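Note sheet for the following structure.
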Amino acid sequence: MAPVVVAEDVHERYGDTVALDGVSLAVEAGEVFALIGPNGAGKTTLTRCLTGTRTPDGGRVELLGDPPADAAKERLGLLPQDFDPPDRLTARELVAYYAGLYDDARDPADLLRTVGMDPAVDTWYGDLSGGEQRRTCVAASLANDPDVLFVDEPTTGIDPAGRRALWDVFEDLADAGTTVFLTTHYMAEAERLADRVGLLADGALVATGTPADLIADYGGEQYLAVETDADAASLPDLGYEVTRAGDELRVVGVPPEAIGDVAAELDANGVPFDALSWTEPDLEDVYLRLAEDPSAAETDDVEVVA
Ligand SMILES: Nc1ncnc2c1ncn2[C@@H]1O[C@H](COP(=O)(O)OP(=O)(O)OP(=O)(O)O)[C@@H](O)[C@H]1O
């Protein structure tokens, strides 16, 4: 099946600022693709180019098999980062307005319930809290039950419980076959929701892959942190590399089942410690490594769209 979203060597600039410097990617039907990257990396610009709200200076973009301007709008859901609806519509009126634009719309009350807006549906948008406003916007973006959904930082400003509730909403959509193109600064969100993650830095896609592959390639090793003043040299026979980081020694590469052995070795060597904590790498480690040094990415981690 042809990809639903295609970018091929996309370039875009604002005056002298290069926002996108040759981005290529393809998102398959039913896939959840998360775009991550530092502020100013070009994520919103790429989302705009993919959805037809900006025409790139160079390259090719395809949405649902057509140039974005010609893509079937009734199949598309879009929540821009800067979506700013009128203050004096209630949450209910706002979602009903968007539902009214389509023949086969979802029930606004049901949508508002889904995003956890039950108690505040009759409050003016301008009087809602930031998190409630964002939830309402998410509900509005789902009004036409889209086949492809672009959401640019959908959970920013939403409390942790509400964020998890929205993750369930996006997961349900993905399970039902909706293609989701998500932009986020929350690595836990990308790790939980995405089939594949793309890391954008300085307008270039540095790496793409499943969260597990990216973590395996760039996350670094699991380690046991030992809170101690002792010197690394006081643990000569551990069989693991030991490095100092702040007030802890890190015993690198220790699998969870070997924590007891390391603790026994600490005792045997008379090394006093206050605490032990085991850490495994996650997507945040990948982000921190590649955003800081994009050249660390292997070139075959960036896909080329034929
Ligand atoms: N309308 C504009 N005029 C001039 N420069 C712009 C404009 N919009 C974006 N830029 C610049 O283009 C670059 C990419 O911006 P973009 O908003 O796409 O980044 P982003 O990755 O979405 O950032 P954030 O994570 O902060 O939302 C930045 O350097 C930004 O300053």
Side-chain angles (χ1 to χ4, degrees), residues 4-5 27 30-36 43-44 46-48 50-51 53 63 73-87 89-102 104-195:
V4 168
V5 179
V27 180
E31 197 177 16
V32 178
F33 187 91
L35 190 64
I36 60 174
K43 301 180 299 298
T44 292
L46 180 59
T47 304
R48 287 184 181 143
L50 294 174
T51 52
T53 38
L63 178 57
K73 296 288 180 288
E74 66 279 5
R75 296 182 58 196
L76 181 65
L78 172 59
L79 174 58
Q81 188 180 351
D82 52 3
F83 185 48
D84 187 22
D87 278 350
L89 285 179
T90 67
R92 190 201 302 272
E93 288 165 346
L94 182 71
V95 177
Y97 168 77
Y98 281 96
L101 300 177
Y102 302 97
D104 289 316
R106 288 182 62 181
D107 173 36
D110 186 37
L111 277 171
L112 285 160
R113 225 179 352 262
T114 303
V115 299
M117 277 297 293
D118 258 351
V121 290
D122 291 315
T123 304
W124 279 348
Y125 183 82
D127 289 337
L128 294 172
S129 74
E132 289 169 341
Q133 288 184 337
R134 207 59 187 153
R135 289 174 199 226
T136 304
C137 293
V138 170
S141 74
L142 302 178
N144 57 334
D145 197 11
D147 293 333
V148 192
L149 177 67
F150 288 83
V151 278
D152 194 348
E153 298 188 28
T155 64
T156 296
I158 295 180
D159 61 59
R163 182 169 302 142
R164 277 171 176 69
L166 279 186
W167 292 352
D168 290 341
V169 171
F170 293 130
E171 253 170 13
D172 288 347
L173 287 168
D175 288 348
T178 307
T179 308
V180 181
F181 190 96
L182 161 78
T183 298
T184 185
H185 285 297
Y186 299 115
M187 295 305 109
E189 183 165 294
E191 199 171 330
R192 155 112 180 239
L193 294 178
D195 297 306

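What you see is a predicted model; the values in this text were computed from it and never measured.
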Answer whether the closest heavy-atom distance between the side chains of Arg75 and Val148 falls below 4.5 Å.
no
Report the C-alpha separation of Phe181 and Leu63 in whole Å, then their side-chain angles, then the decisive distance to 0.1 Å, and conclude whether the side-chain contact (heavy atoms from CB on, under 4.5 Å) test is met.
CA-CA 12 Å; Phe181 190 96; Leu63 178 57; over 6 Å; no
So OG1 of Thr156 and NE2 of His185: to nearest 0.5 Å the spacing works out to 7.0 Å
Any side-chain heavy-atom pair from Asp110 and Arg113 closer than 4.5 angstrom?
yes
Do Lys73 and Leu101 have side-chain heavy atoms sitting under 4.5 Å apart?
no
If you look at every heavy atom in Ala140 and Val95, which pair is closest and at what distance?
N-CG2, 4.1 Å
Could you give the distance from CG (Leu78) to OG1 (Thr51), rounded to the nearest 0.5 Å?
5.0 Å
Who pairs with Asp152 by salt bridge (charged side-chain N to carboxylate O under 4.0 Å, His left out), at least two apart in sequence or on another chain?
none
To the nearest 0.5 angstrom, please state how far the CE atom of Met117 sits from the OG1 atom of Thr90.
9.0 Å
From Leu89 atom CG to Trp124 atom CH2, the distance as rounded to the nearest 0.5 Å
10.0 Å
Hey, does the side chain of Thr179 reach the backbone of Gly30 with a donor-acceptor pair shorter than 3.5 angstrom?
yes
What residue among Val115, Leu182, Leu166 forms side chain to side chain contact (heavy atoms under 4.5 Å, CB included) with Pro154?
Leu182
Pairs where residues 168-183 contributes a residue and the test salt bridge (charged side-chain N to carboxylate O under 4.0 Å, His left out) is met, not counting sequence neighbours
Asp168-Arg192, Glu171-Arg192
Is there a donor-acceptor contact under 3.5 Å linking the side chains of Thr183 and Gln81?
no
side-chain contact (heavy atoms from CB on, under 4.5 Å) between Phe33 and Val5, worked out:
CA-CA 10 Å; Phe33 187 91; Val5 179; over 6 Å; no
Any donor and acceptor pair, going by atom type alone, linking the side chain of Asn144 with main-chain N or O of Leu76 inside 3.5 Å?
yes
The complete set of salt bridge (charged side-chain N to carboxylate O under 4.0 Å, His left out) pairs with one or both residues in residues 124-143, sequence neighbours excluded, reads Arg135-Asp159
Are any of the side-chain heavy atoms of Val4 and Val27 separated by less than 4.5 Å?
no
Do you know which two heavy atoms are closest between Ala91 and Ala120, and how far apart they sit?
CB-O, 4.1 Å
Measuring from atom OH of Tyr125 to atom CD of Glu93, what distance do you get when rounded to the nearest 0.5 angstrom?
14.0 Å
Classify the ring geometry between Phe83 and Tyr98 as parallel (under 30°), tilted (30 to 60°) or perpendicular (over 60°).
perpendicular
When every non-hydrogen atom of Pro108 is compared with those of Ala99, the smallest separation belongs to CG-CB, 3.9 Å
As an exercise, state the distance from OG1 of Thr136 to CG of Leu112, rounded to the nearest 0.5 Å.
6.0 Å
Leu142 vs Val169, side-chain contact (heavy atoms from CB on, under 4.5 Å): CA-CA, chis, key distance, verdict:
CA-CA 10 Å; Leu142 302 178; Val169 171; 4.0 Å; yes
Please report the C-alpha distance between Tyr102 and Asp145 in whole Å, then the side-chain angles of each, then the deciding distance to 0.1 Å, and finally whether the side-chain contact (heavy atoms from CB on, under 4.5 Å) criterion is met.
CA-CA 10 Å; Tyr102 302 97; Asp145 197 11; over 6 Å; no
Is the side chain of Asp195 donor-acceptor paired with the backbone N or O of Val32 at a distance under 3.5 Å, no angle test?
yes
Check whether any side-chain N or O of Arg163 sits under 3.5 Å from a backbone N or O of Ile158 as a donor-acceptor pair, and report yes or no.
yes
